[in-house]
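Sequential numbering from 1 along the given sequence is applied to the chain's residues.
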Amino acid sequence: CDWSSDVCSSDLHAIYVYEGSDLSLDHVIVQDNTCDAAAATAAGAGIYAEAPGGDIHITTSTFEDNEVVDGSGGAIYSEDPAFLYVESSTFTTNRVRDGADLAVAGDNRGGAVAVVFVGASGPVPVTLVDSSFDANYVEADAATSGATGVGDGGAVFAQNADVLVS
């Protein structure tokens, strides 16, 4: 299966996982998707999982050239997932870039993956196994930092998460 060249508008992401739903991907290509803060929730151009999240299980999949402007998680953004498990997958040239001309204030995080846990039940387990991250990046938000540059988590940003990489 191949999801490509989608543009977020009115919160329509390439793959949108609604509150509490589970997602399993196997041998899927997610590429060339874009989300812009001017048009939608700027997070997860490839996959956006809304809180409270369910289980996300990804194997042998490819995330390439996905872009978020003024937001988080170029390929994947997950808020309060039960768990996130990624195995034998590749993340290449996904990015979160600054749209400084839009003057949208906020944090730019997680060039490929951003996992944010804001719930009360403790940190979320995130497992990344035999996966590759190449040329993913984040630009700092000029509206809050005063200059463009490197942001938080070029490949992965995790907030309140227990991350295992092997």
Side-chain angles (χ1 to χ4, degrees), residues 1-36 40-69 71-96 107-138 151-166:
C1 189
D2 184 349
W3 265 286
S4 62
S5 302
D6 292 308
V7 177
C8 294
S9 61
S10 302
D11 287 339
L12 298 176
H13 304 262
I15 301 171
Y16 188 98
V17 183
Y18 190 68
E19 297 175 356
S21 299
D22 295 335
L23 173 67
S24 292
L25 299 181
D26 184 35
H27 291 86
V28 173
I29 298 169
V30 180
Q31 66 184 9
D32 298 322
N33 300 290
T34 303
C35 281
D36 190 322
T41 301
I47 297 172
Y48 180 88
E50 185 175 344
D55 298 338
I56 299 174
H57 190 261
I58 299 168
T59 55
T60 321
S61 294
T62 300
F63 295 83
E64 185 172 1
D65 291 324
N66 296 289
E67 177 179 80
V68 169
V69 179
S72 298
I76 300 172
Y77 176 83
S78 184
E79 187 172 298
D80 291 350
F83 77 82
L84 172 63
Y85 181 86
V86 178
E87 182 177 359
S88 301
S89 296
T90 60
F91 295 82
T92 307
T93 58
N94 298 287
R95 61 206 162 272
V96 175
D107 296 320
N108 291 343
R109 297 177 167 164
V113 178
V115 179
V116 178
F117 184 79
V118 295
S121 62
V124 60
V126 175
T127 303
L128 307 171
V129 179
D130 294 327
S131 294
S132 64
F133 293 82
D134 185 41
N136 301 285
Y137 68 90
V138 176
D152 296 330
V156 177
F157 175 82
Q159 177 180 339
N160 297 325
D162 289 333
V163 181
L164 171 66
V165 179
S166 67

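Closest of all the heavy-atom pairs between A161 and V126 is CB-CG2, 4.0 Å. Shown here for G46 and A14, the closest heavy-atom pair between the two residues is O-CB, 3.3 Å. Of all the heavy atoms in N66 and A45, the pair that sits closest is CB-CB, 4.2 Å. For N136 against N94, the heavy-atom pair with the smallest separation is OD1-N, 2.9 Å. In this structure, V68 and G44 approach most closely via the heavy-atom pair CG2-N, 3.7 Å. Heavy-atom minimum distance, F117 versus N160: O-ND2, 2.9 Å.
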(request) Take L23 and I15, measure what side chain to side chain contact (heavy atoms under 4.5 Å, CB included) needs, and give me the verdict at the end. (result) CA-CA 10 Å; L23 173 67; I15 301 171; 4.3 Å; yes
(request) Could you please spell out the steps behind the side chain to side chain contact (heavy atoms under 4.5 Å, CB included) verdict for T59 and S88? (result) CA-CA 6 Å; T59 55; S88 301; 5.8 Å; no
(request) Show your working on side chain to side chain contact (heavy atoms under 4.5 Å, CB included) between F91 and V156 and close with a plain yes or no. (result) CA-CA 10 Å; F91 295 82; V156 177; over 6 Å; no
(request) Start with the C-alpha gap between Y77 and V116, add the side-chain angles, then the distance that decides, and say whether side chain to side chain contact (heavy atoms under 4.5 Å, CB included) holds. (result) CA-CA 8 Å; Y77 176 83; V116 178; 3.9 Å; yes
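Atom OG1 of residue T34 and atom CZ of residue R95 lie 7.0 Å apart, to the nearest 0.5 angstrom. Rounding to the nearest 0.5 Å places CG of D130 at 6.5 Å from CD of E87. Taking CG from D22 and CD1 from I56, the interatomic distance works out to 9.0 Å, rounded to the nearest 0.5 Å.
Ring geometry for H57 against F83 counts as perpendicular: the plane angle is over 60°, on a 0 to 90° scale with 30° as the lower cut.
There is no side-chain donor-acceptor pair under 3.5 Å between D134 and T92. Using modelled atom types and a 3.5 Å distance limit, the side chains of T93 and D65 yield a donor-acceptor pair.
Two residues are said to be in side-chain contact when any heavy atoms from C-beta on lie closer than 4.5 Å; L84 and V86 meet this criterion. In this structure the side chain of L128 reaches within 4.5 angstrom of the side chain of F133, judged on heavy atoms. By the 4.5 Å heavy-atom criterion applied to side chains, V17 and I47 are counted as neighbours. Inter-residue side-chain proximity for V138 and F157 is flagged as unmet; no heavy-atom pair is nearer than 4.5 Å.
Under the side-chain contact (heavy atoms from CB on, under 4.5 Å) test applied with F63, the options I29, I58, T90 reduce to a single match, I58.
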